[in-house]
Structures are given as structure tokens and as C-alpha cells.
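One structure is given below, encoded as C-alpha cells.
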Amino acid sequence: MTNEEIKTYLHHHKIGLLIPTYNNDQTVESVISEACSYCDDIILVDDGSTDKTKDILSRWNGKINIVSYQINRGKGNALKEGFLKAKELGLTHVITLDSDGQHKLTDLPIFIDAHQKNPDAFIIGSRSFDNPNMPNQNTFANKFSNFWFRLQTAHNLPDTQTGYRLYPLATNHYMTPFNKRYEAELELLVRSAWRLLPIVSIPINVYYPPKEERISHFRPGKDFFRISVLNTFLCILAVIYGYPSMIIRTIYRKFKAHIE
């Protein structure tokens, strides 16, 4: 697909690009510039950046939709603000990508193909874990997260940690996360599975810069602890709400299909 074909498809199907950012002034402008060549409906959420991000974004006022606030509140809050803005703009879907240049916009045709086949699905990118520049902690964290996701939902996904996703906002009633930081992405995935929202995994390409050039705001100690607490809570909630909800929804859908 050409850039214009991608842009036309995204606009026609009310799909926007959502880019949360925090202190990525070295890469955010190039990500925005490239995104504009693929999509007319771009939402960028500045999650309280303290570097030169705000100066850079001032050059994009009126060209993209910018949501900005002064205090860093975490990626979960940035997603929440972005979803609310998308609803205000009349978008029914958003594709989220990071502002550090890790996600490749050339993968958008893969998302479009999956969306054409599954228009109501939650589409999630799946990375290849044989990338020589991928941090070792990413591989461990993903296996850890995949195990708990399978336990909490009875679904098996190869990559539950990637932020390159297509959220079907309208189908999912514009669900927003309760958690404010990184663990919000896992929370949204689990809650969507409990609602029996179709979840489709697609292969994506990821760029990892050399270690000395890498910028990460993930805090291994604090964030891993928060994710562990969330997983414990979700396991308990899966027993008292998640699995019963999936069973009831499944029975209701079969009954509805039968009477129709």
C-alpha cells in the first residue's frame, strides 16, 4: 500500500494514531513527521516532559492534536487522555506507538490487513525476540507477562508487552485504564479478554538502538513490583469476575445466535 492509500483507509475507518511521549526530544519530531505522512488524525500526549519536547511540539500546534500537562503521570494516564481525545474527535479506533522510534510505521499495512479481516478486534503486535539489540530483561518480562495473561484469561499470546496496538475503542465502549503507569497496557488487554473481545496477534518489526544510545523510562525495580502486584490482583479478580464473566457472555452469545 502507498502512504496515501494507508492515509485514506485510516481516515475512512476513523482510525487515528496515538503517540504518548515523555522526554523523548531526540526522536519525537521524526516520529511525528513520519506519522503525518501516513495519517491525518494524530494525537500526541505529552506526559509532563521536562526536556525540550514542549518546544518541539509548539511547532506542530494546529497540525496534530496535542494533549499536554505539566506533571508526569505515567503511560496509563497518557493512554486514558488519548482515548478521551479520540472519542472527542469521533475516532472509533487508535493505533498506539512509542515516540522513541522503536515502532515502524511501515508495519501499518499489517495492521490494516488484520483490521479488514477482524474489524472489531483488539490487534496487538508481536515482536521477534531474536533481535541482538533487544535487552535481556525484555525477553524475561514478556515470558513472565505471557504466563500470567494465560492464567488470567485462558488466552495465549506470544507478546503481551508491546505498545504497538490497535485499540477498537468504540467496540470496547472507550474503556480506559485504572492503572496510571506501564502496567495499564496489561490491564487493558486482560479486561478486553474478559469481555470476549477478539484479540489478534500480528508480527511487527522493532528497532532497538545500541545499548549506549538507548533511552528507557522503565524503572526495573518499581515497575516490576507494580506489575507483580497487578498480576496478583488480576488473578484474584479472574476467579471472582473474569472467568464467570466470560462464561456468562459465551452462554448469552450462543443463546442470542440460537434465537436469531
Side-chain angles (χ1 to χ4, degrees), residues 15 18 75-76 79-80 83 92-98 103 107 110-130 134 137-179 181-204 206 223-224 226-257:
I15 304 172
L18 170 55
K75 189 172 186 181
L79 290 173
K80 177 181 178 180
F83 293 169
T92 58
H93 302 69
V94 292
I95 297 174
T96 58
L97 64 148
D98 293 345
H103 298 138
D107 283 339
I110 305 175
F111 278 92
I112 289 175
D113 180 64
H115 178 260
Q116 287 176 321
K117 296 174 182 175
N118 309 274
D120 295 325
F122 189 147
I123 301 169
I124 180 168
S126 177
R127 298 163 291 179
S128 171
F129 287 87
D130 58 2
M134 176 178 280
Q137 66 186 31
N138 284 37
T139 302
F140 171 77
N142 189 60
K143 290 180 178 178
F144 180 81
S145 179
N146 292 353
F147 167 77
W148 288 110
F149 178 75
R150 185 165 57 249
L151 189 65
Q152 293 152 2
T153 67
H155 283 64
N156 189 32
L157 287 175
D159 188 358
T160 55
Q161 291 285 296
T162 177
Y164 205 1
R165 307 173 169 196
L166 186 151
Y167 287 90
L169 299 180
T171 303
N172 217 5
H173 306 290
Y174 292 90
M175 176 192 290
T176 57
F178 298 117
N179 291 276
R181 298 199 176 273
Y182 285 103
E183 65 271 22
E185 290 177 312
L186 175 61
E187 175 211 321
L188 289 169
L189 196 56
V190 171
R191 289 171 60 199
S192 296
W194 287 347
R195 289 186 174 186
L196 296 185
L197 193 72
I199 300 175
V200 176
S201 178
I202 59 172
I204 58 169
V206 178
D223 287 327
F224 189 78
R226 292 172 66 95
I227 292 171
S228 298
V229 170
L230 174 64
N231 276 314
T232 301
F233 175 73
L234 288 175
C235 283
I236 296 171
L237 198 59
V239 174
I240 62 177
Y241 172 77
Y243 278 98
S245 174
M246 288 190 289
I247 292 171
I248 292 171
R249 290 172 190 270
T250 299
I251 293 173
Y252 172 75
R253 289 184 181 184
K254 288 182 178 179
F255 175 75
K256 186 178 179 181

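Side chains are part of it too, since the values below use all heavy atoms of this structure and drop only hydrogens, waters and symmetry mates.
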Donor-acceptor under 3.5 Å (Y243 side chain, A154 main chain):
yes

Are the side chain of W194 and the backbone N or O of Q152 linked by a donor-acceptor pair below 3.5 Å?
yes

In Å, rounded to the nearest 0.5 Å, how long is the span from CE of M246 to OH of Y241?
10.0 Å

Give me the atom names and distance for the closest heavy-atom approach of H93 to P119.
NE2-O, 3.2 Å

Is there a donor-acceptor contact under 3.5 Å from the side chain of H115 to the main chain of I15?
no

Heavy-atom donor-acceptor pair, E185 side chain to G76 backbone, under 3.5 Å
no

Dump the intermediate steps for side-chain contact (heavy atoms from CB on, under 4.5 Å) on K143 and F147, then the final yes or no.
CA-CA 6 Å; K143 290 180 178 178; F147 167 77; over 6 Å; no

Students often mix this up, so state it plainly: with edges at 30° and 60°, are the rings of H103 and Y164 parallel, tilted or perpendicular?
parallel

Go through W148 and L234 one step at a time and tell me if the side-chain contact (heavy atoms from CB on, under 4.5 Å) criterion holds.
CA-CA 9 Å; W148 288 110; L234 288 175; over 6 Å; no

Separation between CD1 of I123 and OH of Y167, rounded to the nearest 0.5 Å:
12.5 Å

Heavy-atom side-chain proximity of P198 to N118 below 4.5 angstrom
no

Set out, in order, the CA-CA distance, both residues' side-chain angles and the distance that settles side-chain contact (heavy atoms from CB on, under 4.5 Å) for I124 and V200, then state yes or no.
CA-CA 6 Å; I124 180 168; V200 176; over 6 Å; no

What's the shortest heavy-atom distance between G125 and T162, and which atoms?
O-CG2, 2.6 Å

Tell me if a side-chain donor or acceptor on N146 pairs with a main-chain N or O of T160 at a distance below 3.5 Å.
yes

Indicate yes or no: at least one non-hydrogen side-chain atom of R191 is less than 4.5 angstrom from one of M175.
yes

Which pair of heavy atoms, one from L188 and one from F122, lies closest together, and at what distance?
O-CE1, 4.1 Å

May I ask you to say whether R165 pairs ionically with D159, meaning some side-chain N is under 4.0 Å from a carboxylate O?
no

Roughly how far apart are T153 OG1 and L189 CG, rounded to 0.5 Å?
7.5 Å

Test item: L18 and I95 side chains (from C-beta on) under 4.5 Å apart, heavy atoms:
no

Are any side-chain N or O atoms of Q161 and backbone N or O atoms of S145, one a donor and one an acceptor, separated by less than 3.5 Å?
no

Carefully, step by step, assess I110 and I204 under the rule side-chain contact (heavy atoms from CB on, under 4.5 Å).
CA-CA 8 Å; I110 305 175; I204 58 169; 5.6 Å; no

Decide if atom CZ of F233 counts as having more than 12 heavy atoms of other residues, nucleotides or ligands within a radius under 6.0 Å.
no

Spacing of CD belonging to E187 relative to CG belonging to N231, to within rounding of 0.5 Å:
11.5 Å

Do P168 and T92 touch side chain to side chain, with heavy atoms closer than 4.5 Å?
no

List the atom of P177, the atom of A184, and the distance in Å for their closest heavy-atom pair.
CB-CB, 3.7 Å

Shortest non-hydrogen separation from R195 to N172 and the atoms involved
NH1-O, 2.8 Å

Minimum-distance pair of heavy atoms, taken over all atoms of A193 and I199:
CB-CD1, 3.9 Å

Does the side chain of S126 come within less than 4.5 Å of S201's, by heavy atoms?
yes

Checking the side chain of N142 only, and the main-chain atoms of P158 only, is there a donor and an acceptor separated by less than 3.5 Å?
yes

R249 side, atom CZ; L196 side, atom CG - distance, nearest 0.5 Å:
6.5 Å

Interatomic distance, CG@L166 vs CD1@I112, rounded to 0.5 Å, equals 9.5 Å

